[in-house]
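Just below is one structure, and these are the notes that go with it.
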Amino acid sequence: MSPSHSHRDFLTIPDFTKDELIGLFALTDRMKRGVHVRRPLVGKILAMIFLKSSTRTRVAFEVGTNQLGGHAIFLSDRDIQIGRGEPIADTARVLSRMVDGIMIRTYTHSDVDELARHADVPVINGLTDLQHPCQVLADIVTVRQHLGTHEGKKIAWIGDGNNMANSWLDAAYRLGFDLALACPEGYDPDAALLARAQKHANVTLHRDPREAIAGAHVVNTDVWASMGQEEEQAARAKAFAGFTVDAKLMSAASPDAIFLHCLPAHRGEEVSADVIDGPQSVVWDEAENRLHIQKAILAVVMGGERLG
Ligand code: CP
Ligand code: NVA
(Lines give C-alpha, C1' and ligand atoms only; values in the text may rest on other atoms or scores of the structure.)
(Ligands and ions follow the chains in the order given, each with its own letter.)
Protein backbone atom coordinates (compact mmCIF):
# COMPACT_ATOMS: atom_id res chain seq x y z
CA MET A 1 0.00 0.00 0.00
CA SER A 2 1.20 3.53 -0.64
CA PRO A 3 1.32 6.02 2.24
CA SER A 4 -1.01 8.97 1.76
CA HIS A 5 -1.41 12.10 3.85
CA SER A 6 -4.87 12.84 2.54
CA HIS A 7 -6.59 10.25 4.76
CA ARG A 8 -9.21 11.11 7.33
CA ASP A 9 -9.29 9.90 10.92
CA PHE A 10 -12.22 9.39 13.26
CA LEU A 11 -11.00 10.36 16.73
CA THR A 12 -13.95 12.37 18.07
CA ILE A 13 -17.51 13.01 16.87
CA PRO A 14 -16.82 16.61 15.68
CA ASP A 15 -14.37 15.15 13.13
CA PHE A 16 -17.57 14.88 11.07
CA THR A 17 -19.71 17.90 10.22
CA LYS A 18 -23.41 17.83 11.04
CA ASP A 19 -24.26 17.06 7.40
CA GLU A 20 -21.69 14.28 7.32
CA LEU A 21 -23.14 12.77 10.50
CA ILE A 22 -26.62 12.77 8.94
CA GLY A 23 -25.08 11.08 5.87
CA LEU A 24 -23.33 8.58 8.12
CA PHE A 25 -26.65 7.71 9.81
CA ALA A 26 -28.23 7.16 6.38
CA LEU A 27 -25.33 4.91 5.34
CA THR A 28 -25.66 3.03 8.65
CA ASP A 29 -29.34 2.48 7.94
CA ARG A 30 -28.45 1.02 4.52
CA MET A 31 -25.86 -1.24 6.14
CA LYS A 32 -28.44 -2.38 8.66
CA ARG A 33 -31.14 -3.08 6.06
CA GLY A 34 -28.65 -5.03 3.93
CA VAL A 35 -29.10 -2.77 0.90
CA HIS A 36 -25.49 -1.55 0.90
CA VAL A 37 -23.96 -4.09 -1.47
CA ARG A 38 -20.53 -2.57 -2.19
CA ARG A 39 -17.51 -4.22 -0.58
CA PRO A 40 -15.26 -1.16 -0.21
CA LEU A 41 -12.61 -2.90 1.91
CA VAL A 42 -11.70 -5.69 -0.51
CA GLY A 43 -7.93 -6.24 -0.21
CA LYS A 44 -7.67 -3.90 2.80
CA ILE A 45 -6.37 -4.69 6.27
CA LEU A 46 -7.42 -3.05 9.56
CA ALA A 47 -5.00 -3.32 12.52
CA MET A 48 -6.91 -3.26 15.82
CA ILE A 49 -4.83 -2.27 18.87
CA PHE A 50 -6.53 -3.09 22.19
CA LEU A 51 -4.82 -1.98 25.41
CA LYS A 52 -8.12 -2.52 27.27
CA SER A 53 -10.69 -5.33 27.14
CA SER A 54 -13.52 -5.37 24.62
CA THR A 55 -16.41 -7.50 23.46
CA ARG A 56 -18.58 -5.22 21.30
CA THR A 57 -15.97 -2.91 19.80
CA ARG A 58 -13.65 -5.73 18.79
CA VAL A 59 -16.34 -8.00 17.37
CA ALA A 60 -18.10 -5.16 15.54
CA PHE A 61 -14.88 -3.95 13.88
CA GLU A 62 -13.71 -7.46 13.04
CA VAL A 63 -17.06 -8.66 11.68
CA GLY A 64 -17.68 -5.33 9.97
CA THR A 65 -14.31 -5.34 8.21
CA ASN A 66 -14.92 -8.89 7.00
CA GLN A 67 -18.44 -8.09 5.78
CA LEU A 68 -17.02 -5.18 3.77
CA GLY A 69 -14.50 -7.51 2.11
CA GLY A 70 -11.43 -6.72 4.22
CA HIS A 71 -9.47 -8.42 6.97
CA ALA A 72 -8.87 -7.32 10.58
CA ILE A 73 -5.86 -8.14 12.76
CA PHE A 74 -6.31 -8.16 16.57
CA LEU A 75 -3.28 -6.77 18.44
CA SER A 76 -3.32 -6.75 22.25
CA ASP A 77 -0.61 -5.20 24.41
CA ARG A 78 0.41 -8.70 25.48
CA ASP A 79 1.39 -9.43 21.90
CA ILE A 80 2.78 -6.25 20.37
CA GLN A 81 5.84 -4.24 21.36
CA ILE A 82 3.79 -1.25 22.56
CA GLY A 83 3.28 -3.38 25.67
CA ARG A 84 7.07 -3.41 26.16
CA GLY A 85 7.45 0.31 25.60
CA GLU A 86 7.93 0.72 21.84
CA PRO A 87 6.96 4.33 21.11
CA ILE A 88 3.48 4.97 19.71
CA ALA A 89 4.97 7.07 16.91
CA ASP A 90 7.17 4.19 15.77
CA THR A 91 4.23 1.78 15.94
CA ALA A 92 2.23 4.20 13.77
CA ARG A 93 5.01 4.44 11.19
CA VAL A 94 5.51 0.69 10.97
CA LEU A 95 1.82 -0.24 10.81
CA SER A 96 1.31 2.42 8.12
CA ARG A 97 3.74 0.52 5.87
CA MET A 98 1.69 -2.68 6.15
CA VAL A 99 -1.99 -1.99 6.80
CA ASP A 100 -4.70 0.32 5.45
CA GLY A 101 -6.22 1.52 8.72
CA ILE A 102 -5.62 1.42 12.47
CA MET A 103 -8.22 1.20 15.23
CA ILE A 104 -7.02 1.79 18.78
CA ARG A 105 -8.54 1.42 22.27
CA THR A 106 -6.30 2.83 24.98
CA TYR A 107 -6.08 4.98 28.13
CA THR A 108 -4.69 8.46 27.45
CA HIS A 109 -6.50 10.27 24.66
CA SER A 110 -3.37 12.15 23.56
CA ASP A 111 -1.81 8.77 22.70
CA VAL A 112 -4.47 8.38 20.01
CA ASP A 113 -3.75 11.88 18.71
CA GLU A 114 -0.05 10.98 18.59
CA LEU A 115 -0.75 7.73 16.75
CA ALA A 116 -2.86 9.63 14.22
CA ARG A 117 -0.19 12.30 13.78
CA HIS A 118 2.43 9.72 12.87
CA ALA A 119 0.24 7.33 10.86
CA ASP A 120 -0.13 7.58 7.09
CA VAL A 121 -3.39 5.60 7.20
CA PRO A 122 -6.76 6.43 8.82
CA VAL A 123 -6.95 6.03 12.61
CA ILE A 124 -10.21 5.23 14.41
CA ASN A 125 -10.74 5.80 18.14
CA GLY A 126 -12.23 2.69 19.75
CA LEU A 127 -12.35 4.32 23.24
CA THR A 128 -10.00 6.36 25.40
CA ASP A 129 -10.34 7.63 28.97
CA LEU A 130 -11.72 10.85 27.41
CA GLN A 131 -13.93 9.68 24.53
CA HIS A 132 -16.04 6.81 23.18
CA PRO A 133 -17.24 8.26 19.86
CA CYS A 134 -18.24 5.04 18.04
CA GLN A 135 -20.51 4.08 20.94
CA VAL A 136 -22.31 7.43 21.13
CA LEU A 137 -22.92 7.40 17.36
CA ALA A 138 -24.41 3.89 17.77
CA ASP A 139 -26.56 5.30 20.58
CA ILE A 140 -27.88 8.07 18.34
CA VAL A 141 -28.64 5.50 15.63
CA THR A 142 -30.63 3.63 18.31
CA VAL A 143 -32.50 6.79 19.29
CA ARG A 144 -33.39 7.42 15.64
CA GLN A 145 -34.49 3.77 15.22
CA HIS A 146 -36.84 3.90 18.21
CA LEU A 147 -37.94 7.55 18.35
CA GLY A 148 -37.74 8.43 14.64
CA THR A 149 -35.29 11.29 15.12
CA HIS A 150 -32.77 12.70 17.56
CA GLU A 151 -33.98 16.22 16.86
CA GLY A 152 -35.88 17.92 19.64
CA LYS A 153 -35.26 15.02 21.99
CA LYS A 154 -34.09 15.39 25.57
CA ILE A 155 -31.27 13.02 26.44
CA ALA A 156 -30.50 12.41 30.13
CA TRP A 157 -27.07 11.21 31.24
CA ILE A 158 -27.12 9.83 34.79
CA GLY A 159 -23.85 8.97 36.55
CA ASP A 160 -20.17 9.42 35.83
CA GLY A 161 -18.90 12.30 33.69
CA ASN A 162 -16.74 9.80 31.84
CA ASN A 163 -15.72 9.06 28.24
CA MET A 164 -19.34 8.33 27.29
CA ALA A 165 -20.61 11.57 28.84
CA ASN A 166 -17.90 13.53 26.99
CA SER A 167 -18.81 11.98 23.64
CA TRP A 168 -22.48 12.81 24.30
CA LEU A 169 -21.37 16.43 24.87
CA ASP A 170 -19.58 16.35 21.50
CA ALA A 171 -22.70 14.91 19.85
CA ALA A 172 -24.90 17.66 21.36
CA TYR A 173 -22.35 20.23 20.15
CA ARG A 174 -22.60 18.92 16.58
CA LEU A 175 -26.28 17.90 16.42
CA GLY A 176 -27.92 20.33 18.83
CA PHE A 177 -30.29 18.13 20.86
CA ASP A 178 -31.01 18.79 24.54
CA LEU A 179 -28.67 17.03 26.97
CA ALA A 180 -29.10 17.02 30.75
CA LEU A 181 -26.34 15.40 32.78
CA ALA A 182 -26.50 14.45 36.45
CA CYS A 183 -23.12 13.72 38.01
CA PRO A 184 -22.05 13.71 41.65
CA GLU A 185 -19.69 16.52 42.62
CA GLY A 186 -16.13 15.58 41.66
CA TYR A 187 -17.28 13.40 38.73
CA ASP A 188 -18.10 16.08 36.17
CA PRO A 189 -17.41 15.64 32.47
CA ASP A 190 -14.51 17.42 30.77
CA ALA A 191 -14.87 21.17 31.44
CA ALA A 192 -13.79 22.33 27.97
CA LEU A 193 -16.11 19.91 26.16
CA LEU A 194 -18.98 20.92 28.47
CA ALA A 195 -18.40 24.63 27.81
CA ARG A 196 -18.23 24.12 24.04
CA ALA A 197 -21.41 22.05 23.98
CA GLN A 198 -23.22 24.62 26.13
CA LYS A 199 -22.48 27.31 23.53
CA HIS A 200 -24.23 25.32 20.82
CA ALA A 201 -27.02 23.36 22.52
CA ASN A 202 -29.23 23.27 25.59
CA VAL A 203 -26.83 21.34 27.82
CA THR A 204 -27.25 21.39 31.59
CA LEU A 205 -25.31 19.83 34.45
CA HIS A 206 -27.19 18.78 37.61
CA ARG A 207 -26.36 17.20 40.95
CA ASP A 208 -29.83 15.68 41.37
CA PRO A 209 -30.59 12.84 38.92
CA ARG A 210 -34.33 13.57 39.19
CA GLU A 211 -33.78 17.03 37.71
CA ALA A 212 -31.82 15.67 34.74
CA ILE A 213 -34.24 12.84 33.99
CA ALA A 214 -37.45 14.93 34.21
CA GLY A 215 -39.33 14.51 30.91
CA ALA A 216 -36.36 12.88 29.15
CA HIS A 217 -36.97 10.85 25.99
CA VAL A 218 -33.72 8.93 26.39
CA VAL A 219 -32.17 7.80 29.68
CA ASN A 220 -28.56 6.76 29.52
CA THR A 221 -26.08 5.55 32.12
CA ASP A 222 -22.78 3.68 32.39
CA VAL A 223 -20.64 1.94 34.99
CA TRP A 224 -19.44 4.00 37.96
CA ALA A 225 -15.84 2.79 37.63
CA SER A 226 -14.53 2.64 34.07
CA MET A 227 -11.69 0.46 32.80
CA GLY A 228 -8.53 1.53 34.62
CA GLN A 229 -10.47 2.80 37.67
CA GLU A 230 -11.10 -0.58 39.27
CA GLU A 231 -9.33 0.37 42.51
CA GLU A 232 -11.70 3.35 42.94
CA GLN A 233 -14.76 1.07 42.83
CA ALA A 234 -15.59 1.30 46.58
CA ALA A 235 -15.13 5.09 46.82
CA ARG A 236 -17.19 5.56 43.68
CA ALA A 237 -20.00 3.31 44.93
CA LYS A 238 -20.31 5.72 47.89
CA ALA A 239 -20.14 8.87 45.77
CA PHE A 240 -22.78 7.58 43.32
CA ALA A 241 -25.35 6.62 45.98
CA GLY A 242 -28.77 7.75 44.70
CA PHE A 243 -27.67 7.62 41.05
CA THR A 244 -28.97 4.11 40.31
CA VAL A 245 -31.37 4.20 37.37
CA ASP A 246 -34.24 2.18 38.86
CA ALA A 247 -37.96 2.05 38.15
CA LYS A 248 -38.66 4.96 40.51
CA LEU A 249 -36.15 7.24 38.80
CA MET A 250 -37.30 6.08 35.33
CA SER A 251 -40.87 7.07 36.21
CA ALA A 252 -39.77 10.75 36.14
CA ALA A 253 -38.78 10.43 32.47
CA SER A 254 -41.23 10.67 29.57
CA PRO A 255 -43.56 7.61 29.76
CA ASP A 256 -42.29 6.33 26.40
CA ALA A 257 -38.61 7.00 27.19
CA ILE A 258 -36.03 4.47 26.06
CA PHE A 259 -33.18 3.26 28.25
CA LEU A 260 -29.61 3.02 26.88
CA HIS A 261 -26.45 1.51 28.36
CA CYS A 262 -23.25 0.99 26.36
CA LEU A 263 -22.53 -2.26 28.27
CA PRO A 264 -21.03 -4.05 30.08
CA ALA A 265 -23.53 -3.25 32.88
CA HIS A 266 -23.47 -3.87 36.62
CA ARG A 267 -27.05 -4.73 37.57
CA GLY A 268 -27.85 -3.38 41.04
CA GLU A 269 -25.24 -0.61 40.78
CA GLU A 270 -25.76 2.02 38.06
CA VAL A 271 -28.96 0.34 36.83
CA SER A 272 -31.51 -1.99 38.39
CA ALA A 273 -32.20 -5.32 36.69
CA ASP A 274 -35.88 -4.44 36.15
CA VAL A 275 -34.90 -1.36 34.11
CA ILE A 276 -32.12 -2.85 31.95
CA ASP A 277 -34.10 -6.05 31.39
CA GLY A 278 -37.45 -4.23 31.20
CA PRO A 279 -39.66 -3.03 28.35
CA GLN A 280 -38.08 0.44 28.00
CA SER A 281 -34.58 -0.96 27.57
CA VAL A 282 -33.19 -1.07 24.02
CA VAL A 283 -29.66 -2.07 24.97
CA TRP A 284 -29.50 -5.09 22.62
CA ASP A 285 -30.46 -2.97 19.60
CA GLU A 286 -27.88 -0.47 20.83
CA ALA A 287 -25.18 -3.17 20.93
CA GLU A 288 -26.14 -4.43 17.46
CA ASN A 289 -25.94 -0.89 16.11
CA ARG A 290 -22.22 -0.84 16.93
CA LEU A 291 -21.77 -3.18 13.96
CA HIS A 292 -23.76 -1.03 11.52
CA ILE A 293 -22.30 2.36 12.47
CA GLN A 294 -18.74 1.01 12.59
CA LYS A 295 -19.17 -0.49 9.12
CA ALA A 296 -20.31 2.92 7.91
CA ILE A 297 -17.29 4.58 9.54
CA LEU A 298 -14.92 1.98 8.02
CA ALA A 299 -16.48 2.40 4.59
CA VAL A 300 -15.99 6.17 4.76
CA VAL A 301 -12.51 6.47 6.26
CA MET A 302 -10.93 3.35 4.71
CA GLY A 303 -13.14 2.51 1.75
CA GLY A 304 -13.64 5.85 0.01
CA GLU A 305 -17.43 5.78 0.52
CA ARG A 306 -18.90 9.24 0.02
CA LEU A 307 -21.42 10.77 2.41
CA GLY A 308 -24.56 12.59 1.36
N1 CP B 1 -19.64 -0.70 24.85
C2 CP B 1 -18.42 -1.17 24.50
O3 CP B 1 -17.57 -0.44 23.97
O4 CP B 1 -18.24 -2.48 24.74
P5 CP B 1 -16.86 -3.27 24.72
O6 CP B 1 -16.03 -2.72 25.86
O7 CP B 1 -17.26 -4.70 24.94
O8 CP B 1 -16.18 -3.04 23.40
N1 NVA C 1 -16.99 4.03 30.53
C2 NVA C 1 -16.71 2.63 30.24
C3 NVA C 1 -17.23 2.26 28.90
C4 NVA C 1 -17.01 0.82 28.51
C5 NVA C 1 -17.48 0.50 27.13
C6 NVA C 1 -15.21 2.39 30.33
O7 NVA C 1 -14.45 3.23 29.84
O8 NVA C 1 -14.81 1.37 30.88
Side-chain angles (χ1 to χ4, degrees), residues 10-13 28 46 48-65 72 74-77 103-112 124-143 155 157-171 181-184 186-190 193 218-233 235-237 239-240 243-245 259-267 269-271 276 281-298:
F10 178 56
L11 308 186
T12 68
I13 289 173
T28 302
L46 174 71
M48 306 189 297
I49 303 173
F50 280 94
L51 305 189
K52 290 175 174 171
S53 304
S54 173
T55 298
R56 283 143 286 267
T57 306
R58 185 226 170 138
V59 175
F61 273 121
E62 190 159 339
V63 169
T65 302
F74 176 71
L75 304 168
S76 86
D77 56 343
M103 179 255 117
I104 180 164
R105 165 170 288 196
T106 190
Y107 294 87
T108 310
H109 188 81
S110 57
D111 286 353
V112 175
I124 300 173
N125 178 1
L127 179 146
T128 63
D129 291 343
L130 187 71
Q131 293 277 359
H132 198 1
C134 294
Q135 177 70 55
V136 169
L137 291 188
D139 292 3
I140 296 167
V141 167
T142 312
V143 170
I155 317 285
W157 177 266
I158 310 295
D160 192 15
N162 61 13
N163 42 14
M164 284 292 299
N166 290 331
S167 289
W168 271 107
L169 287 172
D170 275 0
L181 304 102
C183 309
Y187 296 94
D188 288 352
D190 182 85
L193 298 180
V218 178
V219 178
N220 201 340
T221 189
D222 188 12
V223 290
W224 292 338
S226 284
M227 289 182 276
Q229 300 171 333
E230 288 77 7
E231 75 291 349
E232 296 175 32
Q233 177 68 42
R236 284 170 169 266
F240 286 86
F243 280 74
T244 304
V245 178
F259 173 78
L260 296 178
H261 190 308
C262 64
L263 306 174
H266 293 163
R267 288 171 176 77
E269 290 181 33
E270 76 275 4
V271 61
I276 194 168
S281 172
V282 295
V283 298
W284 313 120
D285 289 338
E286 181 185 5
E288 179 191 324
N289 285 333
R290 297 295 303 280
L291 173 63
H292 308 304
I293 189 79
Q294 287 170 208
K295 280 173 73 178
I297 292 165
L298 288 167

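First listed ligand is number 1; within each ligand, the first listed atom is number 1. Each residue takes its place number in the sequence, starting with 1. Heavy atoms only: backbone and side chains are in, while hydrogens, waters and symmetry mates are out.
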Exercise for the section: Evaluate the side-chain contact (heavy atoms from CB on, under 4.5 Å) criterion for residues Leu127 and Lys52: first the C-alpha distance (whole Å), next the side-chain angles of each, then the deciding distance (0.1 Å), finally the verdict. Expected result: CA-CA 9 Å; Leu127 179 146; Lys52 290 175 174 171; 3.5 Å; yes

[Y] side chain reached by [X] side chain, heavy atoms, under 4.5 Å:
X	Y	result
Met48	Leu75	no
Arg290	Cys262	no
Phe10	Leu137	yes

For ligand 2 and [X], I'd like to know whether there is a polar contact (N/O to N/O, distance under 3.5 Å).
X	result
Met227	yes
Arg105	no
His132	no
Lys52	no

Exercise for the section: Would you mind running through ligand 2 and noting each atom that sits below 4.0 Å from a heavy atom of Leu263? Expected result: 5 (C)

Practice task
Hey, can you tell me if Phe240 and Trp224 have their rings parallel, tilted or perpendicular (30° and 60° cut-offs)?
Solution key: parallel

Between [X] and [Y], which heavy-atom pair has the shortest distance, and what is it?
X	Y	value
Cys134	Asn125	SG-O, 3.6 Å
Tyr107	Met227	CE2-O, 4.4 Å
Leu169	Pro189	CD1-CB, 3.7 Å

Fill in the blank from the handout: Under 4.0 Å between heavy atoms, the region of Asp160 that gets near ligand 2 turns out to be neither

Exercise for the section: Please determine, by modelled atom types, if Asp285 and Thr142 share a side-chain donor-acceptor pair under 3.5 angstrom. Expected result: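 There is no such pair (donor and acceptor under 3.5 Å, judged by atom type) between the side chains of Asp285 and Thr142.
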
Exercise for the section: Quick one: look up the protein heavy atom nearest atom 7 (O) of ligand 2 and list residue, atom name and how far away it is. Expected result: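 The protein heavy atom lying closest is Asn163 ND2, 2.8 Å.
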
Exercise for the section: Report the nearest protein non-hydrogen atom to atom 3 (C) of ligand 2: residue, atom name, distance rounded to 0.1 Å. Expected result: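 Result: Asp222 OD2, 3.6 Å.
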
Exercise for the section: Going by the side-chain hydrogen bond (donor to acceptor under 3.5 Å, both in side chains) test, name the single residue among Asn166, Asp129, Thr128, Asp190 that passes it with His109. Expected result: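 Output: one option passes, namely Thr128.
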
Close N/O pairs between ligand 1 and protein, under 3.5 Å:
{"from": "ligand 1", "atom 1": "1 (N)", "to": "Gln135", "atom 2": "OE1", "distance (Å)": "2.9"}
{"from": "ligand 1", "atom 1": "1 (N)", "to": "Cys262", "atom 2": "O", "distance (Å)": "2.8"}
{"from": "ligand 1", "atom 1": "1 (N)", "to": "Leu263", "atom 2": "O", "distance (Å)": "2.9"}
{"from": "ligand 1", "atom 1": "1 (N)", "to": "Arg290", "atom 2": "NH1", "distance (Å)": "3.4"}
{"from": "ligand 1", "atom 1": "3 (O)", "to": "Thr57", "atom 2": "OG1", "distance (Å)": "3.1"}
{"from": "ligand 1", "atom 1": "3 (O)", "to": "Arg105", "atom 2": "NH2", "distance (Å)": "3.0"}
{"from": "ligand 1", "atom 1": "3 (O)", "to": "His132", "atom 2": "NE2", "distance (Å)": "2.8"}
{"from": "ligand 1", "atom 1": "3 (O)", "to": "Arg290", "atom 2": "NH1", "distance (Å)": "3.0"}
{"from": "ligand 1", "atom 1": "4 (O)", "to": "Arg56", "atom 2": "NE", "distance (Å)": "2.8"}
{"from": "ligand 1", "atom 1": "6 (O)", "to": "Arg105", "atom 2": "NH1", "distance (Å)": "2.8"}
{"from": "ligand 1", "atom 1": "7 (O)", "to": "Thr55", "atom 2": "N", "distance (Å)": "2.6"}
{"from": "ligand 1", "atom 1": "7 (O)", "to": "Arg56", "atom 2": "N", "distance (Å)": "2.8"}
{"from": "ligand 1", "atom 1": "7 (O)", "to": "Arg56", "atom 2": "NE", "distance (Å)": "3.1"}
{"from": "ligand 1", "atom 1": "7 (O)", "to": "Arg56", "atom 2": "NH2", "distance (Å)": "3.0"}
{"from": "ligand 1", "atom 1": "8 (O)", "to": "Ser54", "atom 2": "OG", "distance (Å)": "2.6"}
{"from": "ligand 1", "atom 1": "8 (O)", "to": "Arg56", "atom 2": "N", "distance (Å)": "3.4"}
{"from": "ligand 1", "atom 1": "8 (O)", "to": "Thr57", "atom 2": "N", "distance (Å)": "2.8"}
{"from": "ligand 1", "atom 1": "8 (O)", "to": "Thr57", "atom 2": "OG1", "distance (Å)": "2.7"}
{"from": "ligand 1", "atom 1": "8 (O)", "to": "Arg105", "atom 2": "NH1", "distance (Å)": "3.4"}
{"from": "ligand 1", "atom 1": "8 (O)", "to": "Arg105", "atom 2": "NH2", "distance (Å)": "3.3"}

